[in-house]
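Below: one structure, written as structure tokens.
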There are 2 protein chains.
Amino acid sequence: MATQNPDTPADAPRIDPLTLEVVELIGAVVARYYEEYDVAAGKHALTGAQARVLGLLSLEPMPMRRIAQKLKCEPSNVTGIVDRLEARGLVERRPDPADRRVKLAAPTEEGLSTARSLRESLDFAREPLAELSHTERESLRGLLRRMLGT
Amino acid sequence: MATQNPDTPADAPRIDPLTLEVVELIGAVVARYYEEYDVAAGKHALTGAQARVLGLLSLEPMPMRRIAQKLKCEPSNVTGIVDRLEARGLVERRPDPADRRVKLAAPTEEGLSTARSLRESLDFAREPLAELSHTERESLRGLLRRMLGT
DNA sequence: TATTGTTATACTCTATAACTATA
DNA sequence: TATAGTTATAGAGTATAACAATA
């Protein structure tokens, strides 16, 4: 074992400074991502959870159960989130002809256009990435893919 | 203007496929980051907000007001979060000799060791990055810095 | 019996507004 | 009067448990 500076916590030496900095940068990206997402949702007077569900449904209507799986939360929570979206006229519940237990949540016309507008106001897609050239984006894509084990 | 596939929404053409994929990859990183953070916090029976505050204080004790600034939330919320950490014996409130209005929140010994353990269980720092070579990490660092305008 | 969605309950986080004790 | 922290209140998200309708 190497001699440690007494100021250095016991767990610190296991991560080299470069890795630590990359982790901090990823943390900054995550923080910025969430911030921009909430701002975009707020512009439409939606909470983060509501915006996420609306975004999901704008791709494809689905049973309440599946929304919960996508959100990684309990199905009982989805009831309230969809209730609020439905009260605002952005989403509606339809019966599933194949199984009368199931309710399919689907966006209304207004819900669809809100979801589209939400996607557009997600500046995160353009602004930070605008700094990078095409080649750099390819490089970033490759590194992120490897990180995620894709 | 280029001819569009009728299946393509009106907002899609503004982002090229490469950028879109990078954005999706960043979204995946963000999701994974949050997941691992919550799992790590949960191992210590802490909520995300509590873990974040404890992590902050483990670096440096600070006034309630400043915690709110760091968390980007209202000061009134910090009262409750610190209350719960204090009830668990992980944090304590100390008077500020310089200004009797101020209360300094500081981790206890147990709080410090919990914070250390929390940091260690944040596998995100090591596992995904372990896939990348030193050179690749340097490259990733550069790209992230440019993205964030650092 | 098992599954889908809901309700009831309790806890945490959040913002707003009003309060207290200092400055 | 201005500031730091708190309290009170209300809304939203979360998990757990129990329930009705349907499979």
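Both backbone and side-chain heavy atoms feed into the values below; hydrogens, waters and symmetry mates do not. Every chain is numbered from 1, with letters handed out A, B, ... down the list of sequences.
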side-chain hydrogen bond (donor to acceptor under 3.5 Å, both in side chains) between A:Arg116 and A:Ser58, intermediate numbers included: CA-CA 8 Å; A:Arg116 211 174 304 131; A:Ser58 73; over 6 Å; no
With sequence neighbours left out, write down each residue that passes salt bridge (charged side-chain N to carboxylate O under 4.0 Å, His left out) with B:Glu21, or none if nothing qualifies. A:Arg141, A:Arg145
Could you state the CD-P distance from A:Glu86 to C:dG5, rounded to the nearest angstrom? 13 Å
State whether the side chain of B:Glu136 and the backbone N or O of A:Leu143 hold a donor-acceptor pair below 3.5 Å, judged by distance alone. no
With a 4.0 Å limit, can you tell me whether B:Lys103 has a side-chain N or O closer than that to the phosphate oxygens OP1/OP2 of D:dT6? yes
Residues from residues 55-68 of chain A sitting under 4.0 Å of DNA chain C, heavy atoms only? A:Pro63, A:Met64, A:Arg65
About how many Å separate CG of A:Leu54 and CZ of A:Arg119, when rounded to the nearest 0.5 Å? 9.0 Å
With A:Glu35 via salt bridge (charged side-chain N to carboxylate O under 4.0 Å, His left out) - residues at least two apart: B:Lys72
Quick one: list whatever passes salt bridge (charged side-chain N to carboxylate O under 4.0 Å, His left out) with A:Glu110, sequence neighbours left out. none
Hey, which of A:Leu20, A:Thr19, A:Ile26 is the one that makes side chain to side chain contact (heavy atoms under 4.5 Å, CB included) with A:Val22? A:Ile26
Nearest whole Å is fine: how far is D:dA12 C1' from A:Asp38 CG? 13 Å
Across nucleotides 13-23 of chain C, 5' to 3', mark each nucleotide with B, S or - according to how protein heavy atoms within less than 4.0 Å reach it. SBBBB----BS
Could you note down all residue pairs passing side chain to side chain donor-acceptor pair (under 3.5 Å) where residues 46-56 of chain A supplies at least one of them, sequence neighbours left out? none
So, is B:Arg93 close to the D:dT6 phosphate, meaning a side-chain N or O under 4.0 Å from OP1 or OP2? yes
Would you mind reading off the distance between A:Gln69 atom CD and D:dA15 atom P, rounded to a whole angstrom? 13 Å
